[in-house]
Protein chains: 2
Amino acid sequence: MRDRTMANIRDIAKAAGVSVSTVSKALNGYSDVKKKTRELVLNVAKELDYLPNVMARGLITKKSNTIGIFFGDQQNSGFDYPFFSDLIRSIKDTAGAAGYDILIFANQKRSTSSYKTICYEKGVDGVILILTGDQRADENIRELHESLPTVYIDSVSHKFNNVNFVESDNLTAAAEAVEHLIQLGHTKILKLAGDDVAKASYDRVEGYKKALQKHGLEVNNDLIVYGEFSKEKAYQLTKRAFSKHNGITAVFSSSDMMAFGAIEALRDLGLRVPEDIAVVGFDDLDQSRLFDPPLTTVHQQRYKMGETAAKILLQLIDNENGITQNARIPASLIIRESCGMKRRN
Amino acid sequence: MRDRTMANIRDIAKAAGVSVSTVSKALNGYSDVKKKTRELVLNVAKELDYLPNVMARGLITKKSNTIGIFFGDQQNSGFDYPFFSDLIRSIKDTAGAAGYDILIFANQKRSTSSYKTICYEKGVDGVILILTGDQRADENIRELHESLPTVYIDSVSHKFNNVNFVESDNLTAAAEAVEHLIQLGHTKILKLAGDDVAKASYDRVEGYKKALQKHGLEVNNDLIVYGEFSKEKAYQLTKRAFSKHNGITAVFSSSDMMAFGAIEALRDLGLRVPEDIAVVGFDDLDQSRLFDPPLTTVHQQRYKMGETAAKILLQLIDNENGITQNARIPASLIIRESCGMKRRN
DNA sequence: CTGAAAGCGCTTACAG
DNA sequence: CTGAAAGCGCTTACAG
C-alpha cells in the first residue's frame, strides 16, 4: 500500500544530515540526543510527512499496539449483537485511550485452528475472548492463555483454571431474580438455563437453586432445562415443560432471547404473561424494555464489562508477570411488567 | 509477544537441510520447487509448529490481509449501534471469507489527524468509512481516497467526488414513504431531516420533495427542519414546529431515533400517534418493531450494505486501477401502526 | 551526544 | 530445481 513517495527514516537522515540511528532516537524521544538535533529531525520529519512503518518497528519490538478480539457470532447466543455492540464500544474507548487499536479476527481461510498461532501471525499484544457455544471449551485455547495476555468476557469454560475474566455477578443476580419470584408467591419455577459449559450459565442455575433453598423450596432438576441461549430452543422447551409438569407459575430464563421464545410458547399454549405466568429474563437487551409486556430482567452492565476487560488486559500487557484477575460486575434486577404484581397468597 | 521457542524460517531450513529461500518458496506454494522438497519442508514446518511472521512478510509484500474500519461512534447518529452491529457482522463475514481480518481504528493518542497516515501506520490494505457528523466533511479524508482503496457506507459528504460508496436508495425510499402518507390523506407533512452534509440525509429530503411535487403539493421549506439524527434535537424541533405551524398531520423522520423523539414530543403536546398525527421513520431498528406504536419505517438492508461495501473494497484491493463504484441498495417501506389507516377524505 | 553495524524474519531477483 | 545475497524499514547494543 505504500506509495513510492513516502519518506522513510533514511530520507530524514539524509535531509537532516545526521545518521539513521540518531533519527530513530530523536523520533522515539530518547534523552541522549542533543535538543537541537532532536528538533531538527522532528522538523524534517514533519516536512517530509514522515510516517513510521509499524511493520518494521513491530518486527523488532514485538509490539503492535493492537489488541485482538475473537468473538463468536452465533445468532441467539448469550452474546447477541446488541450485547456485542456495547462491548466493542467500551473496548474501543478504553483501549483507544491507552493508545491501542483493535483487531477483529475474521479470516476464515487460515490453515490453523490454533488461537495462539493466529494471534502471533497478526502480532497482537493481547486478546479478548468473547466466545459462544462449543468454542468456549476448545482445548486449543489453553496454549493461548499460557503465551499471551488473555481476558475472557463472560465466556469462560469451567474447565479452564487460572484465566483472567470479567463476568456479571451471575449467581447473586440470578438469586435476586428468583427471590423476586418467590416473594410474588411463586414456588414452582421453570429454569430455562443456557448451556452446561459456560461458567455464566452455570452460575445462573446455581443462583436459582440457592434462592429456592434459602426459602426452603425443593429443587426439582426436571424443572431445569437447557436452551443453549436460543430463542427457538427455548420455545420448544417451554412447550414441553408445561405439557409435562402441572402447576408451574413462573419462568426464569438465562437470557432475554430465551425469555422471548418462552413467552411466545406460553401464548401459543393459551397462557397470558404476566396474568397466568410470570417471566424473568437475563441481559436487559434494548428491545426488552419495549417488549410487550415490558420484560422484567437482570440488567448486565455491558459497557462496564468491556471497559473492565480492556483495563485488565492493558495491565497484563504492561506487566508480563501480572497475577490472574477476575472481575465480577454487579448486575441488578429491573422490575417491569412481565411478572405482574402477584402477591403471596 | 513472540516466545523464544517459536520456530522461524531458518529453523525449518536447518531441520530440513535446505536453504531459507527454498523454504520460503515451498511455504508459499511456488511451482519451482520439487514436489518432494516441498513436502519435506511442509512436514518440518508442521512439526516445528511454524508460524509465519506477518510483520516481516508485510514489510516486504506491503500486504497485511487486513482491512481497516473507521467508525464514528456518536450516539444517536444515523449509525447507531444496532446499525453498526449488523455492518460489522457482514463485513466480518465477507472479508473473512476472502481471507482478511478487520482492524478497527481506536487509538486516540495518535499525533496525526491524517487518515492516510493512520492507515499507513497500521498497514491496512484498504479501508471502510462509516462516519458521522462533521467527520464526513473532513478535508483530511481526501488524500485517503487518493492513496488507498476506500469505500464509504452511507456517510459520504456531497463535497467529495469520485469516491466509492454504498448507500440505501434513499431518494426512492423516502419518496415511497411520503407517498404512503399522501395516500393516507396527509398534505402538510413535517420533514425531520438529518443534517445538511451527508448525501444520505440530503437524498431523503429530496425524496420528500419529489413525492410532494408529484402529487401537486407545495413544498414549504419551513416544514423541513434539521435534527442531526439526534433524538433530543428531534424532540425540540417537533415541539417547536407544532407550535409554529397549524395543520401538520404527519411527520416523516430521517431516522427512527428521531422518530422516537418526535413521538415523545407529540405525546407531551397531547397529540396521539397515530390517531392525531402519523409518523414514519427511517432505518428500521430492532426496537422499532416493538415500539408502541410499532413504527412504520423504511427498512435499510444493513447486512447487505456491509457485505456490498466489503465486496467492492476487496475488488479494489485486488485491482488497483479499478473504477469508482457506487452501489445503491434497495430500501423499502415497512407499514406498521404509527400511521394508522387514515384514508383520504 | 552521534554513528556504523548487526539484525528482526521474511521475500525476491539472480546466478547456477 | 536450489541457494547465496540483498533488502524491506526500523531499533538496539556498542564504540567512539
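Throughout, protein chains are lettered first and strands after them, A, B, ... in sequence-line order, and every chain is numbered starting at 1.
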Q | Name of the residue among A:Thr150, A:Ile67, A:Val127 meeting side chain to side chain contact (heavy atoms under 4.5 Å, CB included) with A:Cys119 | A | A:Val127
Q) Is the charged tip of B:Lys92 near the ring of A:Phe71: under 6.0 Å from the six-membered ring centre and within 45° of its axis? A) yes
Q: Answer yes or no: does a side-chain N or O of B:Tyr50 lie under 4.0 Å from OP1 or OP2 of C:dG9?
A: no
Q: Taking only heavy atoms on the protein side, list every residue of residues 15-28 of chain B lying under 4.0 Å from any atom of DNA chain D, sorted numerically.
A: B:Val18, B:Ser19, B:Ser21, B:Thr22, B:Lys25
**Q.** Selection from D:dC8, C:dC8, C:dC1 that lies nearest to any side-chain heavy atom of A:Arg10
**A.** D:dC8
Q) How close or far is atom P of D:dG9 from atom CG of A:Leu59, stated in whole angstroms? A) 12 Å
**Q.** B:Tyr120 OH to D:dC8 P, straight-line distance once rounded to whole Å
**A.** 12 Å
Q: Let me know the distance between NZ of A:Lys63 and C1' of C:dC8, rounded to the nearest Å.
A: 17 Å
Q: Quickly work out the A:Asn8 CG to D:dG7 P distance and round it to whole Å.
A: 14 Å
Q | From A:Gln315 atom CD to A:Asn319 atom CG, the distance as rounded to the nearest 0.5 Å | A | 8.0 Å
Donor-acceptor pairs under 3.5 angstrom involving side-chain atoms of residues 97-108 of chain A: please list them, not counting sequence neighbours.
residue	atom	partner	partner atom	Å
A:Tyr100	OH	A:Lys63	NZ	2.5
A:Asp101	OD1	B:Ala106	N	2.7
A:Asp101	OD1	B:Asn107	N	2.9
A:Asp101	OD1	B:Arg110	NH2	2.6
A:Asp101	OD2	B:Arg110	NH1	3.2
A:Asp101	OD2	B:Arg110	NH2	2.8
A:Asp101	OD2	B:Lys122	NZ	3.3
A:Asn107	OD1	A:Lys109	N	2.6
A:Asn107	ND2	B:Gly99	O	3.1
A:Gln108	NE2	B:Asp93	O	3.3

Q: Quickly work out the A:Met55 CE to D:dT11 P distance and round it to whole Å.
A: 15 Å
Q | Nucleotide of C:dC1, C:dG9, C:dT11 approaching A:Asp32 most closely (side-chain heavy atoms) | A | C:dC1
(Q) Using the salt bridge (charged side-chain N to carboxylate O under 4.0 Å, His left out) criterion, which residues pair with A:Lys46? Sequence neighbours excluded. (A) none
Q) What are the two closest non-hydrogen atoms of B:Ile329 and B:Met305, and how far apart are they? A) CG1-CG, 3.9 Å
Q.
Rounded to whole Å, how long is the line connecting atom CD1 of B:Ile60 with atom C1' of D:dG7?
A. 7 Å
Q) Could you give the CZ-to-C1' distance, from B:Arg57 to C:dT12, as a whole number of Å? A) 13 Å
Q: Give a yes or no answer on whether the side chain of B:Ser155 reaches the backbone of B:Leu131 with a donor-acceptor pair at less than 3.5 Å.
A: yes
Q. Start at the 5' end of DNA chain D and walk down; is the nucleotide closest to B:Val33 or to A:Tyr30 reached first?
A. B:Val33
**Q.** A:Lys62 side chain, from C-beta outward: closest of C:dC1, C:dC8, D:dC10
**A.** C:dC8
(Q) In whole Å, I'd like the distance from the CG atom of A:Asp11 to the C1' atom of D:dC10. (A) 13 Å
Q | Base-paired stems in DNA chain C, each at least three Watson-Crick or G-U pairs under 3.5 Å | A | C:1-3 with D:14-16, C:5-12 with D:5-12, C:14-16 with D:1-3
(Q) How long is the straight-line distance from CD1 of B:Ile12 back to CG of B:Leu48, given to the nearest 0.5 Å? (A) 6.0 Å
Q: Please work out which residues in residues 34-42 of chain B have a non-hydrogen atom less than 4.0 Å from an atom of DNA chain D and list them by number.
A: B:Lys34, B:Thr37
Q | Closest non-hydrogen atom pair between B:Leu59 and A:Ala56, with its separation | A | CD1-CB, 3.5 Å
Q: Look at atom CG of B:Asn162 and say whether more than 12 heavy atoms of other residues, nucleotides or ligands are closer to it than 6.0 Å.
A: no
Q) Looking at side-chain heavy atoms only, is the closest gap between A:Leu129 and A:Leu144 below 4.5 Å? A) yes
Could you pull out all donor-acceptor pairs under 3.5 Å where a side-chain atom in residues 15-30 of chain B meets a protein atom, sequence neighbours excluded?
residue	atom	partner	partner atom	Å
B:Ser19	OG	B:Ser21	N	3.4
B:Ser19	OG	B:Thr22	N	3.2
B:Ser19	OG	B:Thr22	OG1	3.1
B:Asn28	ND2	B:Ser24	O	2.8

